[in-house]
2 protein chains.
Amino acid sequence: MPQYERVEKVRLLVVDDDPPIADLVATVARYEGWAAVTANSGEEALRLSAEFHPDIVVLDLMLPDLDGFGVLDRLRAAGTMVPVVFLTARDGVADRVAGLTRGGDDYLVKPFAVEELMARLRTVLRRSSGPGFQRSVLRVADLMMDEDTREVRRGDKLLTLTPTEYEVLRYLMRKSPTVLTKAQILDHVWEYGFGGRSNVVELVVSRLRRKLDDTGTPLIHTVRGFGYVIRQAAE
Amino acid sequence: MPQYERVEKVRLLVVDDDPPIADLVATVARYEGWAAVTANSGEEALRLSAEFHPDIVVLDLMLPDLDGFGVLDRLRAAGTMVPVVFLTARDGVADRVAGLTRGGDDYLVKPFAVEELMARLRTVLRRSSGPGFQRSVLRVADLMMDEDTREVRRGDKLLTLTPTEYEVLRYLMRKSPTVLTKAQILDHVWEYGFGGRSNVVELVVSRLRRKLDDTGTPLIHTVRGFGYVIRQAAE
DNA sequence: AGAACAACGACAGCTTTTCGACAGCTCCCT
DNA sequence: AGGGAGCTGTCGAAAAGCTGTCGTTGTTCT
């Protein structure tokens, strides 16, 4: 029984009329091992959906031809039950979307952070793939993060993290024991287009350390001149 | 989305309006067994991309005609998903470039060290060639270097190397059991244009030895009047 | 033995990292 | 709408760590 025998790749359809954004999402997804295709208009989306049979769809609400809702309606009319994650502008129709995200759908406001989008996609996928979806729990040494309850504990001690701290920690844990550069962390955890060229990452790491290492040995390590890792301290 | 199987040599397109730099990169790549072509302008880059179908592109941001971003846009518009590694001046547009690593592309600041560029290219290539990207681990005798975790161990013992030491060791290990001259090491590991006419290489090797050979038999051997090798037992 | 080459200790300058203090913002409660 | 609490990012100073130069000592070759 070969270890490498994995289930089929997740199939993702990204619909956004802004090619850079669509590509960004598709690329990140591919690096996660998914199969991704992009569509830049509603019509193209419908066509690709029929051909590609995605497992999940990322759908921008603002499209040149048909709008996001229109696409959704026609998808559903065609009998497709694919879960959809919507993208909307900050102020736009966020309220209406919220109402429409029945079932397993979800939505995210632009500009978003790629890691957050990926996390939502994973969640939606997990929920929609049949019954008895198992919890998603990340572990590194005695540090545990439950992605459903957002509970983080070091040993028995429950930690209270701010949203940013949580995201940075999740990214570090998900990639552990790979060393990540500050640029990678910034690019994945902060929303695209974030200007702050300062030492935010260092700062959040510093705050995280104070909370994490309060109990026990240090888990987040600095790799000088390169970046950060989270892992059990090696011998 | 076709997944290009790479059985052939890696195909690299280098785009830089400074011919010496472009040639430098192309030469090193060819020496690694890759197929490399150079372009000195944006237009030429687009033309060559269409003809040559590179697996990866090194793209200077400052070009006479179209700038780097323009080239990227037109590549993407043409439906090419080739990964790109950007080159930028130290202070220049580094900010605007940041944000590109999130897609999986990467960037490097000029002047750079050739080995570092090659390492990044290999990483990007590895990440972008499908899922299940295997770890890259170098081994020489009981010395092991994991390029993802940046972990280096001699036997069980974990070593802590500084960035320079790490780079020199990687280069030695990657070329092992070939003997490298000090000039080669200097030229590959230090940024081009490095002034140090001194004995830096000897010094770093010396420091490496102290850390490596602390346990076990010497691995880095001096080839008097020529250079250094790393390998099991010499002569 | 003498010359060339190599090893490496010590030091000073410099770069990177850490983190306290603070101010703007947002969100929530009343 | 006002007040307050908590979150985020900026700034700057201090600490920590890295690198290259110099110069002395050791080694090898002729």
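Bear in mind that the values here come from a model prediction, so they are computed numbers and not experimental data. Basis for what follows: all heavy atoms, side chains included, without hydrogens, waters or symmetry-related copies.
At the phosphate of dC7(D), neither OP1 nor OP2 sits under 4.0 Å from any side-chain N or O atom of Thr162(A). OP1 and OP2 of dT8(D) both lie 4.0 Å or more from every side-chain N or O belonging to Trp190(A).
Going from atom CG of Leu186(A) over to atom P of dT10(D) covers 10 Å, rounded to whole Å. The interatomic distance linking Lys211(A) (NZ) with dC19(C) (C1') rounds to 15 Å, in whole Å. One can place NZ of Lys182(B) at 9 Å from P of dC5(C), the figure rounded to the nearest angstrom. When the P atom of dT15(C) is taken as reference, atom CD of Glu191(B) falls 12 Å away, rounded to whole Å. For the pair Leu203(A) CG and dG20(C) P, the interatomic distance rounds to 10 Å; values are reported in whole Å.
Counting non-hydrogen atoms under 4.0 angstrom, Arg207(A) reaches a base of the nucleic acid.
For Arg224(A) and dT17(C), a side-chain-to-base donor-acceptor distance below 3.5 Å is absent, hydrogens and geometry of angles not being considered. A donor N or O paired with an acceptor N or O is not found under 3.5 Å between the base of dG9(C) and the side-chain atoms of Arg210(B).
Residues passing the salt bridge (Lys or Arg N to Asp or Glu O under 4.0 Å) test with Arg120(A) are Asp106(A), Glu116(A), sequence neighbours excluded. For Glu167(B), the side-chain hydrogen bond (donor to acceptor under 3.5 Å, both in side chains) criterion is met by Arg170(B), not counting sequence neighbours.
Here the side chains of Gln184(A) and Tyr171(A) are in contact, with some heavy-atom distance below 4.5 Å.
In summary, of the residues considered (Thr88(A), Asn40(A), Asp17(A), Val25(A)), a side-chain contact (heavy atoms from CB on, under 4.5 Å) with Asp60(A) occurs for Asp17(A) alone.
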